[in-house]
Structures are given as C-alpha cells and as structure tokens.
Amino acid sequence: MKWSRKDLLDLESLSVEEITMLLDTARSFREVLDRPIKKVPILRGKTIVNMFFEPSTRTSSSFDMAAKRLMADTVNISPRTSAVTKGETLLDTARNLEAMRIDLVVIRHSSSGAPHFLAKRIKAGVVNAGDGQHAHPTQGLLDIFTMREKRGRIEGLKVLIVGDVTHSRVARSNIHGLKKLGAEVAVCGPSTLIPVGIEELGARVFHKIEEALEWADVVNILRLQLERQKKGLLPTLREYSRMFCVTEERLKAAKPDVTIMHPGPMNRGVEIDPRVADGARSVILDQVTNGVAVRMAALYLLSGGDAPLSEAIRKEA
Amino acid sequence: MTNQKAEGRRPSGRLVIRNCRIIDPLNKRDEAGDILMEDGRISALGKDIAPNGAEAVKGDGLVACPGLCDMHVHLRQPGREDEETVESGSRAAAAGGFTAVACMPNTQPVLDNRGMIELIRSLETPLCRVHPVGAISKGLEGLELAEIGDMAGAGAVAVSDDGRPLTDSNLMRRALDYCRMFGIPVVSHCEDKFLSADGSMNEGPLATRLGLRGIPSAAEASMAYRDCRLAALTGGRVHIAHVSCAETVEVVRQAKKQGVAVTAETCPHYFCLTEEAVVGYNEAARVNPPLRTKRDVEAIIGGLSDGTIDCIATDHAPHSLEEKEVEFDASPTGMIGLETALGLCWTHLVEKKVLTARQLVEKMSVNPRRILNLAGGSLEVGKESDLTLFDPNAEWTVDPEKFKSLSRNTPFAGWKLKGRAAMTVVGGLVVKVD
C-alpha cells in the first residue's frame, strides 16, 4: 500500500490501514532517535513551513525537530511575526508561502477547520498541528503509538480520557483513532465539560473518577485550561481538583499496571498529582519522544515517501 | 432609476397575459384565464377577454399570481454598497420573481430615524417595491426606543433589531406596546445571546464531531416564548423571524392557539438543508440561526403545512467573497436567497406535496403583505398590476455567476431546481427575467 493523501487533517477520515501505516513508519523512525547520529537525509531539499497561529512550545518544536531530523529545511512563523497581524487573510498568507515553492505546511490554528480550509485551496500538503477544538491528529497518533508500545496492542484496550473533553482536540483525535483500531474509549469529567453527543463518537461517559479509573487500562489526562472557571463552566479549580484530579490515592483502586498519559503541558496539582505524573506508571516523557517519531513519519509519508522504509533508513544512515 | 430601460419596460398600450393559470388566493381563484393590464392597473380578468390589439404574452403552462413579497432582506445600503445596493437587490428580487421586499435596518448607519427611512424610500427603483423596516432601538443598541412613530409615518412597515435582539425584556414590552399605535409589527430575531454565545453551528453530535461550538435550539425558542408572552401582555403584534427549529414552531403553534397576535416566517434554507451542509467547514452554510437537524426540518414543514408558519422569507444576506471565504468560525453569517427562493420552494414544497401552489402563493405573497399591511396580494380589476408570472416546469441549475445580486454567497450553487420566474409586473412596469 502507498500513501495517497496530500494532507493529514484528522484521524476520522483515515482508514485503519492508513493509521497503521503511519504508526509502523513511526516505529522505524523511533529507532533512529536512539542512534548517536539522529539524522536521516530523506527529506533533503524539501521545505516545510510551520505556521503556528496559536502559541505552542511542545508541538511546534516537535514538528521542527522532526523536519530537521529528516534534513528538510524549515521556516517557522507565528502570528506575532507574520503578516497575519497586519490583517492578511489566512488564504493570502498560504498562497504567498506557496509561491515560494514550499512542500508542506504544518498549521496550528484556533479555528476548527482552518487546515481543511487551507488544504482545499493550496497545492502543498497540509499537516494539522491542532485546529480549534476539532482535531490534533499527530497527538492522537503519538498517544496511540505510545499505548501500542507500552501495552502491546490497541484492540480491546480500555482507554479513559479525563478532563475537559468539550474543548479538547486531543480527546477527539484519540477517540477517532482508538475506536478505528478497536479500543474501548471512555471519557470522564464534569458534565459541563463533556460535549453533547460524545456517545455518538463511540465514547462511554463517566462522571465519577473512581469508577472510571477502576475500568481503565490506560488513563489519558487532559490539560484543564485555567480560564474555564471564568466562563462559568466550573465553580472553582479547587472543586475540579477535588472531584477529578488523578491522585495516587485514587489510583489505588485502578489496575496495578495502569498506564498514565498526559499530552502536556501539565497543571500539576490540578488535573494530575505530581507523584502520578512522575511515578513509575507514567509514560508522559515517552509520549514526547514518540511525538518526534510520529511527526517524522507524517512528514515523510506526505512528502511522497514509501512505507515500509526501514531498509531505506538503514542504507542512508 | 438607472437600468430601467435595460431591465424593465413600460408597454405603451395595453398588455395581456393570455391563457395562464391564475392563482389568486384572496379571491379563491385558481383557473386558466387571461389578464389584461392598462396604465399600470388590471383592467380585465377572465376567460377569453378580447385583447383588441393589446400586446400579448403567451401564458401557456405559466402561473400568474399576486407579486411575490419577501419580508426579510438585507440590502446593505448605506454602508456596504460593495455587497448589495437597493438597486442591485431590486434586480435580484425581480429576477427571483419578487415585486416587493422589506429591508432590515442593520445598515451603516442604522435605519433608526425618519431621514434614513426616507433615504431608502428615495433609492427605490421601479423594478421592485422596497419597504424599509426601522430599528426598534436607537443604533440597534437595545437601550432606548428609536423614533418609531416618525419612522412609521415615513413609511417604515415594521420595526426590528434584527441580528441584535433585545436582551432587555422590558424594552421589548415597551416596543410591542408602542407599536400598537401604528399598527405595525415588531419583527423579532429570536436569539438569547448568552446561550448562543460564540457558537457557529447547531449544537449537537455533529458540532461535537466538527469541533465547532454549538448554538442550542433553546436560544431561539426561549426568546420566541418570551416575545409571545409579551405580545399577549401588551396586545402588540409580534412577528417571529426565520424560524429554524422544532421548538420554536411549537411555541408559535401554542401561542396562536391562545389567540396571541403572533405570526412567523421561515426561510428556504431551513427546510431544504440540514446541519450536514456544514460538513467540510462549508462557510456558505454558516447562517444565524444555524441550520438544524432532519427533525427540525420535519417540524418546519409541519408548521408550514398547518399554517403555524405564515410565510416564507429569504433573509437575503449578501456578503463579499473576501469576508465570507475565511475560516468557518470567522465567516460572517448569512446567505443570499432572492434568486433561489421560488425554485427551492416549488421544488421542495409544491413538488413534494407539502403545500399546494395556492398555499405557496399565500406564504410568498399574500401573508407577508397582510403582516406588513401592504397593498396588493390579490389580482383584481382596477387594482395596481403587481404580479409574478412563473414557469413551474422550468428546470434550471443554480449558477451564482448569473445572479443579479452583487454577492455570491449561496450554499445552493449547482442545485437543480424546478420552477422559475419568467416575468414580473410592478405597477405596470414589465420586468422580464432572462
């Protein structure tokens, strides 16, 4: 099978085979990251633009590093330093970049669907690095990659997502990707932060964290945006923490081998107990490492690369 | 006043439309016949009336009815003449078969005083009658009543803070009460802005999937309920604009049963489309109130057929391409509708047997005129000859490039429709379509 899509916009529209291809390709790149020389020259001569219209440290540096590991040239722009603040439209910005003959655009934007808007209108490939509350496909993939690495399988795995699901693109990409690969997915959080109709995406809903933790094989804890309280969705962070924080105490009722994940950045003490974050069951830093591998896979496949590629990498390295 | 020669023609003598199907609900007429017009008035009506050298239009297979009236359009003048003007909107109206429109006051500046109402009246062309709707509150700010009496005297046919509904229930009460003196309705765009907040589509599983913030039906229905109760309290007349959801249909149905002076409109997009049209972040389908679900479409159709919904308006909302073609949640709400309404209604209501041809004429001509106290709405000897002649069998494909409107924002591009205007007559001026 060959990768045939121009863009990576969300996991919902991908087939099981495409998701598997991305994960398998990422595994080959993951090996590269443990070598003394971490570069493979397979995207030499390609230009990738990272357009981050929303502040991001982790994802933007992960994409930048992934591109550099593949020896592509990168240009990083953010709204503060681009023409966007001068009132140029997203479309004009993209067309101008395209006129410079770039190969891929990585975009993060606060509007759901902004990458789709762009993908329809430019010839270069578009990678969604997070759009509004819609999708964050590479985060979904790196979470699934990490689960597969730690638990050996996805099918039948019980994955719990805790926190502000309503505003979370990470939650949506996890749900779509995991459901396609046969996992069971549940969400847990205050009812004001669980979106209408989440069950139709295939997720079960818990409102009691104790029951949810008892059920789960994997717990993926979402960052709670601190401004949710101001919008009247929560009485106080204190009450949220008392009801939903994943603590050592609460994990006593969980399965002993439960896997703890967090897409970052963490609010220690709000949604996650620092002892849990840094504990033996936490794979949070593995997620970060795997993120680079997954993004290398995405950039490689969208640039026309073939899978499997282990042979090619071995030769080049 | 310009383009009159290009787009309309005043026959020198008499004009007869021969052998058309005449639908005139107020006179309970639905039969084949001829219509003779002279000096801007209908001079004879019936079978085989002697034309005596009058210019003849073949009416075979065509329907003649009282001129269509769209009681909810945005003509963008003054302020956004790049998107629409009174003149371009009138041409679009004529092309769609309308002989009268009522235009909303959310222009820049706002139509909130006599001078602005007079301005719109002065911009009217012979192609289509343009009836301004004045603002309820000064500057649409929702704080103090505008000079409604003065505006009504200058020709405002209703008042509305369309798009910026009154959050102050007491001011709404006063508006309804005050308008009783002039016999004009208060047109209410029902939307609790606290509930709709920053939503950009219907709330529900689809919005969750697309990651777009939702607007619940309750945002509309709760204000519709408030306004019906305030109409009952004051004895004023409220008209609920663009009903989009099942809950509002039910609110209006119950209020009517209780004898409240409430009327309601819906728009073609609320029975021809569902929220599914948004999939793919299709900004042309972004509208306020938002497109709803299949269940709501069924309720709207139920409301149209049982009379709960009195009329069909377009909420014609022109937007420039550069403003509309942006990220979905940054795209302004609204779509144009004047040139697609008749085809959509004929195809989706009459062909599907939701409404009879006569009922459609009631909802697109008779009832909006009744609500706004406008003349016309019937075909009678001696009356001004405002009529629409349309071909119910004409099959055509919506091509926005051919629109007379200055804007192109429609979700119906490429739709195949049946039913299209052939000609309108506005006070004796013949406006041929194509």
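Below, chains carry the letters A, B, ... as their sequence lines are ordered, and counting in each starts from 1.
- Considering every non-hydrogen atom in both B:Pro205 and A:Gly197, the closest pair reads CG-CA, 3.9 Å.
- When B:Leu206, B:Asn282, B:Val326 are compared by the number of non-hydrogen pairs under 4.5 Å with chain A, B:Val326 comes out ahead.
- Residues passing the side-chain hydrogen bond (donor to acceptor under 3.5 Å, both in side chains) test with A:Thr192: none are found, sequence neighbours excluded.
- Residues A:Leu118 and B:Glu327 have side chains not in contact (no heavy-atom distance under 4.5 Å, counting atoms from C-beta outward).
- For B:Thr208 against A:Val196, the heavy-atom pair with the smallest separation is OG1-O, 2.5 Å.
- Environment of NZ in B:Lys193: crowded, with over 12 heavy atoms of neighbouring residues, nucleotides or ligands closer than 6.0 Å.
- For A:Glu12, the part lying under 4.5 angstrom from a heavy atom of chain B is the side chain only.
- The 12-atom threshold is not exceeded at NZ of B:Lys402, counting heavy atoms of other residues, nucleotides or ligands nearer than 6.0 Å.
- Contact count against chain A (heavy-atom pairs under 4.5 Å) is highest for B:Gly211 among B:Gly204, B:Gly211, B:Gly214.
- Applying the side chain to side chain donor-acceptor pair (under 3.5 Å) test to pairs two or more places apart or on separate chains, those with a residue in residues 127-142 of chain A are A:Arg108-A:His136, A:Asn128-A:Asp131, A:Asp131-A:His134, A:Gln133-B:Arg213, A:His134-B:Tyr281, A:Thr138-A:Arg295, A:Gln139-A:Asp143.
- By the side-chain contact (heavy atoms from CB on, under 4.5 Å) test, B:Pro332 pairs with B:His319, B:Glu323, B:Lys324, sequence neighbours left out.
- Environment of CZ in B:Phe403: crowded, with over 12 heavy atoms of neighbouring residues, nucleotides or ligands closer than 6.0 Å.
- Heavy-atom distances place no part of A:Ser168 under 4.5 Å from chain B, backbone and side chain included.
- In plain terms, the two heavy atoms of A:Ser112 and B:Leu210 that are nearest each other are CB-O, 3.6 Å.
- The number of heavy atoms from other shown groups lying within 6.0 Å of NZ (A:Lys120) is above 12.
- Near-neighbour residues of residues 169-189 of chain A relative to chain B, defined by a heavy atom under 4.5 Å from a heavy atom of that chain, comprise A:Arg172, A:His176.
- Ion pairing between a basic and an acidic side chain is recognised when a charged N comes within 4.0 Å of a carboxylate O; A:Arg121 and B:Glu325 show such pairing.
- Rounding to the nearest 0.5 Å gives a distance of 9.5 Å between CG of A:Asp10 and CZ of B:Arg209.
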